[in-house]
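Both backbone and side-chain heavy atoms feed into the values below; hydrogens, waters and symmetry mates do not. Since the model is a prediction, treat every value here as computed from it, not as a measurement.
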Amino acid sequence: MATTIQDGSPSTHTTNGPTNRKAQMRVEIPKNREPSETDAIRTPKTPQNEGISWFESSHVGSQPVQVYELKLESDGGPNKNRAYTRLPPPASPYILRLSLDAGTPASKRGVLKTNFPLYGGAFERTKFVEKTLPSDFSKPVQIDLPISSAGVFVYWIEYDGKDGERVKGREGYFNIDPDLRVRKRTPILTPEQTVHAPGKGGLITEKTTHIPLDGLSIITLVSKWMGRLDEWTPYLKETSERGYNMIHYTPLQQRGQSMSPYSIADQLAFDRELFPTGWTGSRDDGTLQMLKTLKKARDEFGLMSLVDIVLNHTADNTVWLADHPEAGFSPLNMPHLTPALELDDAIIEFSGSLDANGLPTIIKSQDDVDLLVSSLREYLNTRNLWQYYVLDVTGEKKAIGEALTSGKIPSWDGPDLCVANNGWIWGADPLANFAAHPSKAYLRREVIVWEDCVKLNYGNGPEDNPWLWKHMTEYVTLLAGMFDGFRIDNCHSTPLHVGCALLDAARVVNPDLYICAELFTGSEETDITFVSRLGITSLIREGYNAWDPKEMSRILYRFGVQKPIGSMDGACMTSPADIPPPTGKGPTRAGLVSPLQGSVPHAVFFDLTHDNESPLHKRSAEDALSTGALVAFSHCAVGSVKGFDDLYPRLLSLGSENRRYDVSENSGIGQVKRILNNLHTEMALEGFGEAHVHQENDYIVIHRVEPKSQRGYLVVVHTAFQKGSKDRGHIKPIQLRRTKAKFIYGASLDIHSYEDVNDPKLLKGLDSTLCLLPPVEGRNGADNDGPYQEIIVPDSFPPGSIMLFSTKLEELPPNIDQFCKED
């Protein structure tokens with residue numbers, strides 16, 4: 001696929017079709033324009049200075065300083081497991097301690113180098129500071145970094161090696177999570193552990209609270225199906241009432257001619273269809289209207305905002321492509337694409353001459369296929385494409401010499417300038433640009449193209465394409481000042497140096513920017529490369545990637561369990577210590593030192609993402625309830641889409657579908673999501689950090705526990721991977737040792753019809769009823785191991801059904817935590 005630029009505007013015809021400095025990119029936030037009312041959203045912040053001031057102040061306070069200690073190897077680098085480390089949001093300043101054993105080789109005239117702003121000021125990826133390691137070999141080397149702001153940083157140690165040469169140790173990366181804050185909500189359950197009626201629980205208050213990453217409940221909404229901004233209130237209200245605390249908006253910028261939100265024609269303007277008919281406002285007018293809507297969502301409905309950013313392509317009818325064709329990949333700036341373009345043209349010409357050459361235009365048999373293939377091969381042979389790869393060295397040297405001598409150098413006389421469409425390749429190396437030399441992906445027709453998108457050509461840095469870098473930097477900084485987070489679209493195909501530079505610019509505007517990404521690299525090691533360099537907060541994972549209950553339980557454990565029930569790592573490995581001031585100025589403080597063992601990328605676990613098939617298509621409609629419950633119970637950020645909650649029967653086209661969302665109190669599984677989403681956030685806020693996943697046949701059970709009080713919540717789910725069955729299935733009684741369980745809620749899903757409603761104006765889900773289940777009482781028992789309580793699944797518990805219980809460990813003294821701390 002290539003887009004042709006003619007007569008000052010792009011049009012499309014259909015065909016198929018790092019150097020070291022990349023990691024050192026730095027771009028400036030554009031400022032060469034008249035000031036406007038929206039400038040306030042681009043104001044840079046430097047919070048690291050505040051943390052240093054805090055440590056140097058004379059005020060000590062009653063709470064100990066938290067110290068996270070990262071042990072380095074003898075050669076000065078972290079081991080493989082510790083090369084990437086996540087640190088929590090610095091709601092209060094804390095310390096990252098890098099430590100080396102005494103007398104290790106790396107301590108010999110060792111110097112720490114890092115782009116972390118150790119001495120204050122703003123972060124710059126290419127600006128490194130140094131700190132000399134202590135020279136006392138009689139005790140371990142400790143370097144304390146004062147942490148007070150989110151960000152992504154690299155460090156290493158240089159030291160004297162053999163014969164005095166300087167040795168650079170292995171690099172390590174640490175990412176500090178953003179501090180996300182939003183309106184606090186009232187509990188969803190009564191003190192008696194029953195569900196508050198709608199309008200009574202999960203209500204927005206005037207207080208603001210920090211939301212841990214594991215407490216995020218995100219829903220994807222497609223703005224074109226919500227109408228104008230002044231029509232969004234019902235959707236915001238419904239989203240809030242279902243317990244979500246963040247909306248993921250698909251791209252909100254001006255769409256291109258395909259009308260897909262991911263094909264953006266103007267990165268600096270919000271889509272005209274968001275405003276009243278005949279809107280004549282300026283870009284800044286539109287920005288202000290969007291700001292007011294986002295503020296309303298946050299203040300009235302407790303909803304943070306997450307927006308897609310699209311960095312690697314633009315719409316095929318983008319107006320500025322006519323003035324800046326260098327922003328795309330073309331034979332003019334990438335000559336190796338010339339044979340691919342000629343091949344595309346040849347196939348178009350061949351396809352247009354089928355009837356004239358007596359070739360079949362409708363395939364009716366294998367013979368027709370064979371005839372077309374052989375005819376195309378003969379046609380392509382006449383093009384002599386091989387000549388692009390065979391050079392008459394003597395003849396070409398002579399021709400070039402004659403041209404230079406005569407001064408008659410022919411100009412480009414090819415066709416109208418064409419730029420390559422973007423797309424994707426099965427199993428491609430995400431760190432390689434498939435449009436750049438020497439790739440032959442377009443010639444080999446390996447690219448599955450998006451015909452409405454033109455791939456952007458950033459080069460190796462801003463000096464290669466100054467206008468494009470400036471334009472896209474203004475795009476990301478504009479959105480960073482408005483939204484709480486970014487979802488990076490097609491992150492695996494966005495050049496790493498581009499993502500680093502543009503996200504750095506965005507974080508100058510909003511240091512606490514939450515960043516999630518779809519990343520399909522096929523390698524956990526490559527995932528960590530992207531996450532650690534870009535500072536991705538959460539990687540998008542999906543429950544509907546599981547093909548059976550066993551695989552579902554595996555990914556639930558992989559992404560939704562961070563500590564097993566009964567884990568003692570925090571209690572056993574944290575130790576008190578006196579902490580000297582990290583800058584050498586200020587008082588010594590009491591502290592708690594906890595070792596770091598490295599990190600895996602944090603997950604935002606969606607039951608279903610907006611670009612994948614519906615439960616009815618992939619498993620069964622009833623499975624929406626069971627999978628939705630399992631994902632909402634996971635100890636990580638979670639997400640869903642409105643179409644999943646409302647039981648849409650099929651995947652909708654982002655480009656051609658133009659109906660509006662329906663809003664209904666009793667639609668799909670919304671009532672269950674109200675309970676589980678609110679409970680999900682409450683468990684994160686209250687420290688339900690331990691969990692267990694049990695799978696047995698088609699059943700999955702998740703138990704979440706708060707370790708200090710041993711309070712817990714347990715969900716029993718009968719999955720529905722197959723269509724048609726209404727059987728209870730088999731699971732043994734669920735035995736809880738020395739634990740009492742209390743029934744909270746149970747439901748199953750009755751689908752009245754699996755046919756699409758096909759309303760001409762509104763998007764509606766399947767006709768269904770959420771059937772409440774009668775309470776289930778635990779059965780007490782005892783054996784040689786002591787007392788227990790059993791939960792027995794009722795006889796009527798068809799696939800898709802769920803039950804929710806609260807749990808409490810018996811005979812636990814209320815002062816057990818204080819007792820354990822005493823000598």
Side-chain angles (χ1 to χ4, degrees), residues 23 68 70 78-89 96 147 150-155 170-180 211-218 246 248 306 308-309 311 429-431 484-496 499-500 503-504 506-507 512-546 551 554-563 596-607 609 631 634-639 684 689 691 693:
Y68 296 101
L70 186 62
N79 65 28
K80 184 177 180 180
N81 293 333
R82 297 172 184 160
Y84 162 67
T85 298
R86 276 183 58 220
L87 293 170
L96 170 62
I147 305 298
V152 49
F153 309 100
V154 63
Y155 66 90
R170 294 187 306 278
E171 292 181 352
Y173 287 80
F174 61 96
N175 294 3
I176 303 168
D177 290 339
D179 185 9
L180 302 175
I211 297 291
L213 294 186
D214 298 323
L216 287 176
S217 291
I218 304 171
M246 178 178 276
H248 160 225
L306 173 75
D308 267 289
I309 57 168
L311 302 179
D429 179 359
L431 296 175
D484 297 291
F486 287 169
R487 174 189 178 272
I488 308 175
D489 177 59
N490 204 225
C491 182
H492 42 278
S493 294
T494 301
L496 193 59
C500 287
L503 292 178
D504 285 350
R507 286 193 181 95
D512 285 309
L513 193 66
Y514 173 74
I515 296 174
C516 67
E518 55 171 8
L519 192 58
F520 309 129
T521 69
S523 161
E524 289 191 5
E525 186 173 341
T526 307
D527 282 355
I528 289 178
T529 297
F530 275 85
V531 169
S532 61
R533 273 65 167 180
L534 295 175
I536 296 172
T537 319
S538 306
L539 287 182
I540 296 171
R541 309 297 189 181
E542 186 170 351
Y544 263 74
N545 287 336
E551 173 64 10
R554 185 194 71 80
I555 62 177
L556 283 165
Y557 194 88
R558 178 71 176 83
F559 305 130
V561 175
Q562 298 183 27
K563 290 183 181 181
L596 294 171
Q597 304 301 330
S599 305
V600 296
H602 183 261
V604 52
F605 193 20
F606 278 72
D607 40 36
T609 55
V631 169
S634 299
H635 186 205
C636 58
V638 299
V693 178

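For the residue pair Y84 / T529, no side-chain donor-acceptor distance below 3.5 Å is found, with atom types taken as modelled. At a cut-off of 3.5 Å, with distance as the only test, a side-chain donor of H602 or D214 sits close to an acceptor on the other residue.
Checking side-chain atoms of S493 against main-chain N and O of N490 turns up no donor-acceptor pair under 3.5 Å. The backbone N or O of G535 lies less than 3.5 Å from a partner atom in the side chain of R507, making a donor-acceptor pair. Side-chain atoms of S599 come within 3.5 Å of backbone N or O of R86 as a donor-acceptor pair. At distances below 3.5 Å, at least one donor-acceptor pair connects side-chain atoms of R170 with backbone N or O atoms of P78. A distance-only check finds no donor-acceptor pair linking the side chain of E171 to the backbone of V154 [under 3.5 Å].
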Apply side chain to side chain contact (heavy atoms under 4.5 Å, CB included) to the pair I211 and L216, showing each step before the final yes or no.
-> CA-CA 7 Å; I211 297 291; L216 287 176; 3.9 Å; yes
From CA spacing to verdict: side-chain hydrogen bond (donor to acceptor under 3.5 Å, both in side chains), N545, E551 = CA-CA 9 Å; N545 287 336; E551 173 64 10; over 6 Å; no
Could you check H248 against D308 for side-chain hydrogen bond (donor to acceptor under 3.5 Å, both in side chains), going step by step and ending with a plain yes or no?
-> CA-CA 8 Å; H248 160 225; D308 267 289; 2.6 Å; yes
Could you give me the CA-CA distance, side-chain angles and deciding distance for S538 and Y514, then say whether side-chain hydrogen bond (donor to acceptor under 3.5 Å, both in side chains) is met?
-> CA-CA 8 Å; S538 306; Y514 173 74; 2.9 Å; yes
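Nearest approach of A603 to C636, heavy atoms of both residues: O-CB, 3.5 Å. Here the closest non-hydrogen pair linking I536 and C491 is CD1-SG, 4.0 Å.
Considering only heavy atoms from C-beta on, L180 comes within 4.5 Å of L213 through its side chain. Contact check for L503 versus I488: side-chain heavy atoms found under the 4.5 Å cut-off. When side chains are defined from C-beta on, T526 counts as touching P430, because their heavy atoms get closer than 4.5 Å. Between D484 and L306, every side-chain heavy-atom pair lies at or beyond the 4.5 Å cut-off.
Annotation: side-chain contact (heavy atoms from CB on, under 4.5 Å) contacts of E525 (sequence neighbours excluded): K80, S523. The salt bridge (charged side-chain N to carboxylate O under 4.0 Å, His left out) test applied to D512 returns no partner, not counting sequence neighbours. Every ring-ring contact (aromatic ring centres under 6.0 Å, His included) that H492 has, sequence neighbours left out, goes to F520. For the salt bridge (charged side-chain N to carboxylate O under 4.0 Å, His left out) test, residues two or more places apart in sequence or in another chain that qualify with R541 are D527. For the side-chain contact (heavy atoms from CB on, under 4.5 Å) test, residues two or more places apart in sequence or in another chain that qualify with A691 are V561, R704. The salt bridge (charged side-chain N to carboxylate O under 4.0 Å, His left out) test applied to E542 returns no partner, not counting sequence neighbours.
None of T494, L539, L431 except one satisfies the side chain to side chain contact (heavy atoms under 4.5 Å, CB included) rule with F530; the exception is L431.
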